[in-house]
Amino acid sequence: MSDVDPKPLIRAEREQIKPHQGALVWLTGLSGSGKTTLARAVERKLHALEVHTYRLDGDVVRDGLNADLGFSPEDRRENVRRIAEVGRLMVDAGLVVLVAVIAPYAKDRATTRARFSEGDFFEVWVDTPLAVCEQRDPKGLYKRARAGELTDFTGISAPYEEPQSPELRAIGGGDLDEQRDRVIQMLREAGKLG
């Protein structure tokens, strides 16, 4: 007789060996708003606290999983859907997942939220004014969009629908350590961290 239980592992069993529970933090905002910078800072701090994390960055995901997608509204919707499904699997594995993606449409973000169990999805709006994002322009995308070289560029030739009820509104130009700590405190207050 085998001593291996043939039943599949469930999330609660995976979380028993971790000092925290699975969760997804969805950082949304304009290009250049500081989503990725904030996600990296939160990831580093959580790692130091021995929290198992993974960061899904929109640009990195587009290099592989979503390399076949463009920037039309339909492709943006599919980009968000795929990232959400990968994130959902990681949350089931008991990880704290940090997603840094523009996700410009409120409907797509609402659909994403609906795919998660209550209390597992945390929307963080990295609220940075368009003028600041354009001034930062780390990849030169705003300049190209203003010159007409890029079409369907969020904030210029395509809309960004601001979140109406995010769990947290991070100040994109605020102190990074303070914004990082606010995200971590949000997870603590939700009972996700030990």
Enquirer: State plainly whether the residues Asp75 and Arg62 are in salt-bridge range, i.e. N to O under 4.0 Å.
Expert: no
Enquirer: Between Arg146 and Phe153, is NZ or CZ placed under 6.0 angstrom from the six-membered ring centre and within 45° of the ring axis?
Expert: no
Enquirer: Heavy-atom count check: over 12 atoms from other residues, nucleotides or ligands less than 6.0 Å from Tyr54 OH?
Expert: no
Enquirer: Can you check whether Arg81 reaches Arg115 side chain to side chain, under 4.5 Å on heavy atoms?
Expert: no
Enquirer: Decide whether His20 and Lys192 meet the rule of one side-chain donor and one side-chain acceptor closer than 3.5 Å.
Expert: no
Enquirer: Using side chain to side chain contact (heavy atoms under 4.5 Å, CB included), reason through Ile102 and Thr28 one step at a time and then give a plain yes or no.
Expert: CA-CA 5 Å; Ile102 294 170; Thr28 178; 5.5 Å; no
Enquirer: What's the shortest heavy-atom distance between Val124 and Ala170, and which atoms?
Expert: CG1-CB, 4.0 Å
Enquirer: Would you call Arg113-Glu167 a salt bridge at under 4.0 Å N-O?
Expert: yes
Enquirer: Compute both the distance and the angle, then confirm whether Arg76 meets the cation-pi test with Tyr160: under 6.0 Å from the six-membered ring centre, within 45 degrees of the axis.
Expert: no
Enquirer: Do we see a donor-acceptor contact under 3.5 Å between the side chains of Arg77 and Thr111?
Expert: no
Enquirer: Could you go step by step and tell me if Glu178 and Arg182 meet the salt bridge (Lys or Arg N to Asp or Glu O under 4.0 Å) rule?
Expert: CA-CA 6 Å; Glu178 181 182 325; Arg182 291 178 66 220; 5.5 Å; no
Enquirer: Looking only at heavy atoms, which two atoms of Pro163 and Glu123 are closest? And how far apart?
Expert: CB-OE1, 3.7 Å
Enquirer: Does the distance from a Lys or Arg side-chain N to an Asp or Glu carboxylate O, for Glu15 and Arg11, drop under 4.0 Å?
Expert: yes
